[in-house]
Amino acid sequence: QVQLVESGGGLVQAGGSLRLSCAASGRTFSSYAMGWFRQAPGKEREFVGAISWNGLSTYYTDSAKGRFTISRDNAKNTVYLQMNSLKPEDTAVYYCAVRSRGSTSWGNRAEYAYWGQGTQVTVSS
């Protein structure tokens, strides 16, 4: 069992930056890949990016490439989402999730077993 708690959301102006954190409990945290998703009102939860269990590989959706960076510190049981050059369309609740073992598609929500409560990110124009 893994418990996830996101933090770092808030209100920023377009062009600003935020760094989200996802703190995880459990001794097996370091053996799992992690993903970030977001959901805006009236829209489906969409993939933002993911990071492999050892932090050596990252994957991003097209809208995040060049602006967002995912990193992790396994010693602190924490994964981060650094968001730069924020746009109003980035406004959403952001969730971190634990990727299931044996998964094959990084952006498939069904392949993530545990989810945090989410943190609100609002970008004003």
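Below, all heavy atoms of this structure are taken into account, side chains as well, without hydrogens, waters or symmetry copies.
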Spatial distance of atom CE (Met34) from atom OG (Ser71) [nearest 0.5 Å]: 12.0 Å

Common cluster, Phe68/Leu18, ILVMFWY with side-chain heavy-atom separation under 4.5 Å: yes

Non-hydrogen side-chain atoms of Val121 and Met83 separated by less than 4.5 Å: yes

Closest contact, heavy atoms only, Val2 versus Ala24: CG1-CB, 4.1 Å

Pairwise side-chain contact, Thr104 with Glu111, heavy-atom cut-off 4.5 Å (strictly under): yes

Shared hydrophobic cluster for Ile51 and Tyr94 (ILVMFWY, side-chain gaps under 4.5 Å): yes

Heavy-atom pair of closest approach, residues Ser57 and Tyr59: CB-OH, 3.6 Å

side-chain hydrogen bond (donor to acceptor under 3.5 Å, both in side chains) partner of Glu46, the single match among Arg109, Gln39, Arg38: Arg38

Electrostatic pair Lys65-Asp62, nearest N-O below 4.0 angstrom: yes

Tyr112 reachable from Leu4 in the ILVMFWY side-chain graph, under 4.5 Å edges: no

Transitive ILVMFWY side-chain link Val5 to Val79, under 4.5 Å: no

Check: Tyr60 and Thr69 side chains under 4.5 Å, non-hydrogen atoms: yes

Min side-chain heavy-atom separation Asp90-Arg67 under 4.5 Å: yes

Path from Ile70 to Tyr114 over hydrophobic side-chain contacts below 4.5 Å: yes

Reported CH2-to-OH distance for the pair Trp53 and Tyr32, which is rounded to 0.5 angstrom: 13.0 Å

Interatomic spacing from OG in Ser52 to CH2 in Trp106 - rounded to 0.5 Å: 6.0 Å

Minimal non-hydrogen separation, Pro88 against Ala14, with atom names: CD-CB, 4.1 Å

From Leu81 atom CG to Tyr95 atom OH, the distance as rounded to the nearest 0.5 Å: 14.5 Å

Side chain to side chain, Asn84 and Ser17, heavy atoms closer than 4.5 Å: yes

Test side-chain contact (heavy atoms from CB on, under 4.5 Å) applied to Gln120 and Thr91, step by step: CA-CA 8 Å; Gln120 177 72 50; Thr91 296; 4.0 Å; yes

CZ-OG distance between Arg72 and Ser21, expressed to the nearest 0.5 angstrom: 13.5 Å

Interatomic distance, Ser124 atom OG to Gln13 atom CD [nearest 0.5 angstrom]: 5.0 Å

Any donor-acceptor pair under 3.5 Å from Glu6 side chain to Cys96 backbone: yes

